[in-house]
Amino acid sequence: MANLQAIRGMNDILPDQTLSWQYLEARFRQLVQRHGYREIRFPVLEQTQLFKRSIGEVTDIVEKEMYTFDDRNGDSLSLRPEGTAGCVRAADQHGLLYNQQQRLWYQGPMFRHERPQKGRYRQFHQFGVEAFGMAGPDIDAEVIQLAALLWQELELTEYLTLQLNNIGSAGDRKHYAAALTTFLLQHESTLDDDARKRMHSNPLRVLDSKNPEVQKLLTAAPLLADYVSAESKLHFAELQHLLTAAGISFVENPRLVRGLDYYNYCVFEWTTDTLGAQGTVCGGGRYDGLVEQLGGKPTLAAGFAIGVERLVLMLEELQKIPASALQLIDIYVLIVGDGLAAQGLELARELRLAYPRLGVISHCGGGKYNHQLKRAFASGASVAVILEATAADVTGVSELKIRRLDDSGESVTVPVQAAVAKLGEFLHISAS
RNA sequence: GUGACUGUAGCUCAGCUGGUAGAGCCCUGGACUGUGACUCCGGUGGUCGCGGGUUCGAAUCCCGUCAGUCACCCCA
């Protein structure tokens, strides 16, 4: 096994962690479904062309981060680096977008070939929602509010900041990019290599350069805000109004330019400073042109994606996972002595039947009293039920003991027939 | 793709200037003829990431490689 390891950047999620994941997944699923979003599932593998045409040829994702390879028949396939493209393809292919409104959500692994670091992995997971056929800004606001509600349920609101920007239409940005390039060309000598390269391939990305020299220069550069259409400004203003009315605070960030080409009008990001360098936990926006770009009828759309690993990291570091979500086992049945296996199994079955929400383990593998009690404590259960045979009882016992698994050691002895009811009393719950 | 740091038992780590490996935790058996966590004694468990090189001899030095961590880039 020593030389058979997981692929770099692809993590095994072990039992200690899956409880946190399940907690988060349950909260998210419940929330989106209460908002009328329906789940869609689509393949992990698609034609490479789908991602090139949606995300954009000159984006980092397509240029250097996709897992791309040839199928046996020579077709170029890629592991999905994000969810929106596949979601749109699937929805359109099956007619879900034909003159309809749709609220969809998805969940699953995505793949990008990047150098792993905290909060960034080659296989990572996203929750996403996509809403089609609505002109917004009301739907934009709905989608953002959905995320805000999730933070609230997870008690993360105070650690997250919403950033907004209006990036206009694709046409607006083309005009702006031309003006920006002209400006940059005039000051080429003060640019660094990175900026000089991007100036031609994707000039907007020069805007978020971290080089102070470049930033200084940019204070004199043309502003995107001067090039975006009046409609997009109206849309953006109305969205802000709706968010304010909903009590959702935000900051405008004119430098917020997302790495995927398909966005238009409003884009947004939720960021945190609790995760180190990878602070973006959720990103999204409106993408009205994408469906048509992929060959469908023009369809309005908006959505976002959440990074699951990053959220789990936040929840764990801030200790926001409720203890109840981490306790799987409530009752541990000790079976001490020979000949009690059948009675022990039956008792555990009855307990599970009576208390469907509780976890019950019945001890397997025998062992002495001490050994089994130690296991009971280790399981995290709050109560032990102790079946014990004396020399005389070889096929069953008539009494058992219920013992609290804490320092008090409080216990009661009851007839086996009364065990189910007595246990409920002990735990302050009632049988179903 | 670039950089810095790291890689010794399941886990956390020690091993000084080279002489073929230890501790704690965990697990397990027993001390106290049975009620976990305390104390004491014993036991299981390691190709020292992998591959080369230097050397009489390398966990320890050199090179390469793989992996981890964090950062750059970019994003979830």
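Everything numeric in this text was worked out from a predicted model, so none of it was measured. Chain letters run A, B, ... following the sequence lines, proteins first and then strands; every chain starts at 1.
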| task | Round to the nearest Å and state the distance from Leu313(A) atom CG to C70(B) atom C1'. | result |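 In whole Å, C70(B) C1' lies 13 Å from Leu313(A) CG.
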
| query | What is the distance from CD of Gln117(A) to P of G3(B), rounded to the nearest Å? | reply |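 So the two atoms are 15 Å apart, to the nearest Å.
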
| 5' precedence on RNA chain B between Lys401(A) and Glu65(A) (nearest-nucleotide basis) |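 By nearest-heavy-atom nucleotide position, the 5'-most residue is Lys401(A).
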
| request: Name the residue closer to the 5' end of RNA chain B, choosing between Asn11(A) and Val308(A) according to the nucleotide with the nearest heavy atom. | output: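 Final value for this comparison: Asn11(A).
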
Counting only Watson-Crick pairs (N1-N3 plus N6-O4 or O6-N4) and G-U wobbles (N1-O2, O6-N3), all under 3.5 Å, who is the partner of [N]?
N	result
A67(B)	U6(B)
U54(B)	none
C48(B)	none
C40(B)	G30(B)
C73(B)	none

How would you label the contact of [X] with the nucleic acid (heavy atoms, under 4.0 Å): base, sugar-phosphate, or nothing?
X	value
His125(A)	nothing
Gly9(A)	sugar-phosphate
Gln372(A)	nothing
Phe304(A)	nothing
Arg403(A)	base

Counting side-chain heavy atoms from C-beta on, which of [options] comes nearest to [X]?
X	options	answer
Arg375(A)	G36(B), U28(B), A76(B)	U28(B)
Arg8(A)	C75(B), G1(B), G68(B)	G68(B)
Thr280(A)	G36(B), A76(B), A71(B)	A76(B)

| query | Hey, can you pull the residues of residues 260-279 of chain A with a non-hydrogen atom under 4.0 angstrom from RNA chain B? | reply |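 Only Leu260(A), Gly276(A), Ala277(A), Gln278(A) qualify.
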
| query | What parts of residues 17-29 of chain A reach RNA chain B, counting only heavy atoms under 4.0 Å away? | reply |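 Going residue by residue through residues 17-29 of chain A, none turns out to have a heavy atom under 4.0 Å of RNA chain B.
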
Measure from the ring center of [X] to the ring center of [Y] and say whether it is less than 6.0 Å.
X	Y	answer
Tyr227(A)	His175(A)	no
His35(A)	Trp105(A)	no
Tyr106(A)	Phe42(A)	yes

| request: Quick one: sort the Phe28(A) and Phe127(A) rings into parallel, tilted or perpendicular, breaks at 30° and 60°. | output: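 Answer is parallel, since the angle falls under 30°.
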
| Below 4.0 Å: OP1/OP2 of G30(B) and any side-chain N or O of Lys368(A) |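 Answer is yes, contact under 4.0 Å.
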
| task | Using a cut-off of strictly less than 4.0 Å, decide whether His371(A) has a side-chain nitrogen or oxygen near OP1 or OP2 of U35(B). | result |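 Answer no for this pair, as no side-chain N or O of His371(A) is under 4.0 Å from OP1 or OP2.
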
| field | Ring-on-base stacking A76(B) with Phe124(A) (under 5.5 Å, under 30°) | value |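 Stacking between Phe124(A) and A76(B): present.
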
